[in-house]
Participant: 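I'd like to ask you about the structure that follows.
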Amino acid sequence: MIDLSIRKQLGEFGLDVSFSVPEQGLTALFGRSGAGKTSVIAAIAGLLRPDEGHIRVSGRTLFDSASGEDVPVHRRRVGYVFQEGRLFPHLSVRDNLLYGQRRSPVVNRRIDLDEILELLGIAALLGRRPRDLSGGEKQRVAIGRALLAQPEVLLMDEPLASLDAPRKREILPYLERLRDELRVPIVYVSHAIEEVVRLANLVVVLDSGRVAAAGTPEELGERLDLRPLLGEFESGAVIDASMEAYDAVFDLSTLAFDGGRLRVPGNAGVIGAKVRVRVRARDVSLATQKPVDISVQNIFEGSVEQVAEEPGAYAELKLRVGNTRFLSRVTRESVSRLGLRTGSRVFLLVKSVSFDRETLSAAPGIASAGQRGHG
Amino acid sequence: MIDLSIRKQLGEFGLDVSFSVPEQGLTALFGRSGAGKTSVIAAIAGLLRPDEGHIRVSGRTLFDSASGEDVPVHRRRVGYVFQEGRLFPHLSVRDNLLYGQRRSPVVNRRIDLDEILELLGIAALLGRRPRDLSGGEKQRVAIGRALLAQPEVLLMDEPLASLDAPRKREILPYLERLRDELRVPIVYVSHAIEEVVRLANLVVVLDSGRVAAAGTPEELGERLDLRPLLGEFESGAVIDASMEAYDAVFDLSTLAFDGGRLRVPGNAGVIGAKVRVRVRARDVSLATQKPVDISVQNIFEGSVEQVAEEPGAYAELKLRVGNTRFLSRVTRESVSRLGLRTGSRVFLLVKSVSFDRETLSAAPGIASAGQRGHG
Amino acid sequence: SAQGVTIFAAASLTDAMNDVVKMYAAKSGVGVKSSYAASSALARQIESGAQADLFFSADDEWMDYLEKRSLIDKGTRFDRLGNRLVLIAPAGAARKVEIRRGIDLAGLLAGGRLATGDPASVPVGRYARQALTYLGLWAFAEAKLARADNVRFALTYVERGEAPLGIVYSTDVAIARGVQVIGVFPQESHSSINYPIAIVAGRGTAPVRAFHGFILGSEAAAVFQRFGFAVR
Amino acid sequence: MLTDFELQALWLSLKVALRSVALSLPFALGAAYVLARIRFPGKVLFDGLVHLPLALPPVLVGYLLLLTFGIRGPLGGWLFETFGLRLAFTSLGASIATAVMSFPLMVRSIRLSIESIDSGLESAAATLGASPLDRFFTITLPLMLPGVLSGCVVAFAASLGEFGAVITFVSNIPGETQTLPLAIYSAVQTPDGDAAAARLAALSLVLALSGLMVSEIIARRARMMLGGGPE
Amino acid sequence: MLTDFELQALWLSLKVALRSVALSLPFALGAAYVLARIRFPGKVLFDGLVHLPLALPPVLVGYLLLLTFGIRGPLGGWLFETFGLRLAFTSLGASIATAVMSFPLMVRSIRLSIESIDSGLESAAATLGASPLDRFFTITLPLMLPGVLSGCVVAFAASLGEFGAVITFVSNIPGETQTLPLAIYSAVQTPDGDAAAARLAALSLVLALSGLMVSEIIARRARMMLGGGPE
Ligand SMILES: Nc1ncnc2c1ncn2[C@@H]1O[C@H](COP(=O)(O)OP(=O)(O)OP(=O)(O)O)[C@@H](O)[C@H]1O
Ligand SMILES: Nc1ncnc2c1ncn2[C@@H]1O[C@H](COP(=O)(O)OP(=O)(O)OP(=O)(O)O)[C@@H](O)[C@H]1O
Ligand SMILES: [Mg+2]
Ligand SMILES: [Mg+2]
């Protein structure tokens, strides 16, 4: 739904970025400070005119240097949450929030003021001026303003950077709903890996103005060469499963996947719902004898497919359980001590507590988020 | 070293905060957006005049409504990293950086430009103007500017919010060194729990302008009532240990603590150095039979001191190994299945991979950070 | 201004004309509007189609200017008033002098300036230049002039002691309290000082002609004399 | 307390000055916006043209106005024939003269405040769907308010004091074009006119102060709204 | 190409205008700062005082200057006795007259730009150890630059065009006080002086344009430095 290829010279900095996101969803722009993330977003919004290239969103051409097309900013219908707020100082919070909504076609008004006020916890601020707001309050109003503009594409430049964790945890599912229910494509810049991993369908890694890599969070998580760019971007495997049962006494769901059953905390949805869970490599321990009487609930038998030693103390192993692939991160010492190599039979110990809400998300294309339990 | 008690009315918002930090160190201000964190910092800097109260830092009275003392801002010698940058638009990056240094007494110049340039990766930006910088670049310059002012107290309002993880990981140890070697007290606002946990000697939790709690990260981590304020503030135990051996082949250090030996990745320092490690509750699995042939390296025998069931799927257990206290977070189902209760003998499985650099820090008062390996 | 009468008069006639207008209104019931400004400005305004019925100039030059352009009714032009050129000094400061060729102007000025109207633009300055040339003093005095834009300020210069001497009309002295006349320029030293009046071309309606007549009449003459003008 | 003559001049001055501000404001807004935001060849020349009335002696400006807007001038003739409008020698003409004279002052003020607006806010408005005109009226203009206000105050004050251009363009007709400065001029021409002149000058001052006071109050409101400085 | 007379007037105008700007700048900075940042009783009165020269007819201002700075005036007498300084009829006096007349314009401009400065930057400078004076010179003043520059340009242009106050205070002495507007005035007052007046007016225009051009160049630099608008 986003097809972008732009070149632009900014002083000594050359931006040359191309990527395309075929399906509806959230594209995360990731990269070190100064990599060009904001520049890409600004180009989509029409605030930075590329020297060359094209930008298409949801089939609409916003810019094309070949045909000379260049849709004016105010007709692009983007919702842009700026890195630096940019609230209108002369308007009240209410008027800031409604600025975009008032200019949106009435038929498009799917996002509602009251809903946004509650989501962002800013109902009490409506009568204030931006200068009387705290940093996080400003940022929340900026998010609300962009959402209420009823955008056809949402551009978010580190929107949650200065928000507290509980608030983040309220906003993230909302963004997922936007993506899935209202099918608004989102381009999202963040340095917080958990956010990216949770939300992104596609991660585009920028480095010095160029695309260093692009792929799903899982694909990139497995690429060791990207570590210097991604930092603690944690590797992990994504497992497609379906909801099988919910145990209300212990608040645990049982999910079936190709290779076994996983028990995860909370209610993961209606019976039969497809869910996707992420198992971080560091949450998978390995044993060559099946441990007993242990708190770890999920123990699977599988085989080692590949052992990748990293510099430092760790090694990363690819494992297979049935037809499902897992990743495990253990010390090199353990690999050596247990004699693990390709083909070894092992037991995987997956702590159920490592399934937190942030790695549990509805399989794309299934708008099940609304029914999911919030345990 | 910081003794603060202030009252201030801001519109409808009433600030009434008192805390005192007896020892040198880093005080983290934590709390939801709008709780009053920035206001407290601004009061210390002298930019917000309390209606009443006093502020003392390192024995110096900066403000006292009783005696009428009110040291002017420019004599307070604070290094303030503002939530919104505030770089001087008319000065080059170099002149921004040196603005404070040029005004600091020469004898006080312990923080060096070159060091800061390297730490923050901004050497290439020296000749630029702030408007040509990216968001993260601006923030780094702002940090450098505050540090180079050679402050006697450092006030940092979400300084790392928009920085990438690799950069954060370079800056955090530097802040620790400032705190420990130069003995600069730091007041630090952050929503990133890992940062707070790593750095803070004292955490002050603000809620609606009042102190909701104050204590070490560990103390607060154990308080379930603070969860709504702290969010995913992860519980864990802090263990004081001393460096015993380093295995260069597997890049593992062995640390001795009262109750056993821990193997942690990387070189944790010179032999004999005191180190402090943090073991997160979620990284401790429990077993009633000792597992064998398992990748987990650290297995200790201990006893259950207390079982605290939480709402939801989890329970948290306090455990004792020798004279050392550990925390463990497992599902309630596991507690029931293994029959765990106060007094139970258990084996603790601590994944060595769960000791990452961010939970490994020099014991306060020992300036060993400089020699620590950066594996 | 359909029935009313509008007169454009030189600023130096302000007070005298105000009295004349008042007297005329009392007598005939006709209100007269007046505009006082520099003769040059008034002439240009009439040239540009100002709704003036009469022009009362402070010199011949600007009346000639209009006449050349057929903007006044030639037959109604009369030289109405005359004036005398006098040398003034701050009140109480100096004794009288007789103005003749060879007087010690340099000594009287004692390094100071001679205040008068700007010879380029103000009538009194032009007459002063003629007189000083006639007296053989122009070469010396030209560089010593303090050229005011308006007689009012030439008077002020003298009154405030900025200039020890000034050349103004005898009628002007009344405006300032702090000056005294110390000498009168001989008539022959300059062309006669003249205030011509005329009706603007095409505006000679009956009320205008009546007021024109009144200005030329004896009642008005008495007023002008009271203000120190010589009546022709 | 005030004579009819003084009241007349006072009222006329107020009328002339207010109308002058109203007249020049839209043009000044346009010119300031163009100068602050648009780059085009010959901009300095345009800038010079705007400043012209400031750099020329007012009498000359008045004279040029007379040549242009007089009944025999190109524009004045057209105006008269088309609308039956006469400018020279009317109070409307006086407003035009003061408007022209104070125009550069107004433009400068407004331009300065446009230049100090963070253009990022306009960009933000654009992303929210505001067209250029919409942005101008909802973002740029309100944020310019302090400058516009300041420009109006200067123009108002300058209009109150304008003499040369007015007397040359519209002459000195009591009740019609004789504003306070012209009345002062006439008073100074008469013996014992100093007292009258002083009274008139005081009136002028009071008028200017009132204007300032009103503007200060509006400005304070505006500043509070905009969340500006320490005041 | 230019006659000696024209050259003389040109040169004198330039000198008078530049000196006038230099004279009023420090006072204007002070007054603007006080008006923008300090709250005190009687502020409106002070503001009014600053605007006075704008609201009064220039001729009256010249007259008041004569009364104050004349040899018998309170200030003029003191200056003469102490420094042997005479202002009336000198080009210095002309500069003072134009400085007084353009003072309110300069103050307005500067004040406007002070008010648009983000006071957070000054707070930041304070935390970095800058005393109030230090802050003023290293932060406030540079950020005010566009306004100061704009104020100087307006003041320069206004000084070039100032007529009434100059001719009244220092009279019209060729080579000493006869600036371009005075020369133009003289020419316009002569029945056949139109051509000469036009030439002089053109000179005045060129001078004003040059000033503007120089200021535009400086302003562009300053704006680039400050990272302002789209230009
Ligand atoms: N001038 C003011 N008028 C009214 N309320 C104000 C004013 N200034 C601040 N506040 C309120 O005071 C509270 C505390 O603000 P402060 O900036 O200290 O919050 P904070 O803890 O730093 O929040 P954040 O994490 O969002 O930056 C906020 O609720 C804010 O809305
Ligand atoms: N006008 C300019 N002149 C020179 N360099 C520029 C200019 N504008 C941006 N840059 C450079 O372009 C690069 C990309 O900037 P951009 O704002 O897109 O980075 P970013 O990825 O958003 O970084 P951050 O995470 O720090 O916000 C930066 O290195 C910046 O210094
Ligand atoms: Mg950015
Ligand atoms: Mg804050």
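Note on naming: letters A, B, ... go to the chains in the order of the sequence lines (proteins, then strands), and numbering restarts at 1 for each one.
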Participant: Need one label for B:Ser328: side chain, backbone, both or neither, based on atoms under 4.5 Å from any heavy atom in chain A.
Facilitator: neither

Participant: Heavy-atom cut-off 4.5 Å, strictly under: side chain, backbone, both or neither for A:Arg128 against chain B?
Facilitator: neither

Participant: For A:Arg282 and B:Asp283, which heavy atoms make the closest approach, and how far apart are they?
Facilitator: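 Minimum heavy-atom contact is NH2-OD2, 3.1 Å.
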
Participant: Return the minimal non-hydrogen interatomic distance between A:Arg337 and B:Val296, and the atom names on each side.
Facilitator: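 Closest heavy-atom pair between A:Arg337 and B:Val296: NH2-O, 4.1 Å.
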
Participant: Can you see which heavy atom on A:Val292 is nearest to which on B:Gln289, and at what distance?
Facilitator: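 Scanning both residues completely, I find the closest heavy atoms to be CG2-OE1, 3.4 Å.
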
Participant: Could you check which of B:Gly11, B:Ser134, B:Gly121, B:Ser190 has the highest count of heavy-atom pairs closer than 4.5 Å to chain A?
Facilitator: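 Highest number of heavy-atom pairs under 4.5 Å: B:Ser134.
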
Participant: Can you tell me which residue among B:Val330, B:Thr331, B:Val335 is in a side chain to side chain contact (heavy atoms under 4.5 Å, CB included) with A:Ser295?
Facilitator: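 With A:Ser295 as partner, B:Val330, B:Thr331, B:Val335 yield a single side chain to side chain contact (heavy atoms under 4.5 Å, CB included), made by B:Val330.
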
Participant: Examine whether an atom of A:Leu338 lies under 4.5 Å from a heavy atom of chain B, and if so say whether it belongs to the side chain, the backbone or both; otherwise answer neither.
Facilitator: side chain

Participant: What is the minimum heavy-atom distance between B:Leu252 and A:Glu333, and which atoms define it?
Facilitator: CD1-CB, 3.5 Å

Participant: Just by distance, with hydrogens left out, do A:Ser33 and B:Arg167 show a side-chain donor and acceptor under 3.5 Å apart?
Facilitator: no

Participant: Determine the minimum heavy-atom distance between B:Gly31 and A:Asp164, stating which atoms define it.
Facilitator: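 Looking at all heavy atoms of both residues, the shortest contact is O-CB, 4.4 Å.
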
Participant: Given the options A:Pro291, A:Ala313, A:Gly136, A:Gly135, which has more heavy-atom pairs under 4.5 Å with chain B than any of the others?
Facilitator: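 Most heavy-atom pairs within the cutoff with chain B belong to A:Ala313.
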
Participant: Can you list everything that forms a ring-ring contact (aromatic ring centres under 6.0 Å, His included) with A:Phe82? Sequence neighbours excluded, please.
Facilitator: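 Result, ring-ring contact (aromatic ring centres under 6.0 Å, His included) vs A:Phe82: A:Tyr80.
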
Participant: Chain B heavy atoms under 4.5 Å from A:Ser285: which part of the residue, side chain, backbone, both or neither?
Facilitator: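 Both parts, heavy atoms under 4.5 Å.
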
Participant: Does any heavy atom of chain B fall under 4.5 Å from the side chain of A:Leu125, the backbone, both, or neither of them?
Facilitator: neither

Participant: With a 4.5 angstrom heavy-atom cut-off, is it the side chain or the backbone of B:Thr38 that approaches chain A, or both, or neither?
Facilitator: neither

Participant: Roughly how far apart are B:Gln83 CD and A:Gln139 CD, rounded to 0.5 Å?
Facilitator: 8.5 Å

Participant: Check whether A:Ser39 gets within reach of chain B through its side chain, its backbone, both or neither, counting any heavy atom under 4.5 Å.
Facilitator: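 Looking at A:Ser39, nothing touches chain B.
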
Participant: Where is the tightest heavy-atom contact between A:Glu158 and B:Ser162, given as atom of each residue plus distance?
Facilitator: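 Smallest heavy-atom distance, with atoms named: OE1-CB, 2.9 Å.
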
Participant: Please name all residues satisfying side-chain contact (heavy atoms from CB on, under 4.5 Å) with A:Lys168, sequence neighbours left out, ordered by chain then number.
Facilitator: A:Leu160, A:Leu163, A:Glu195

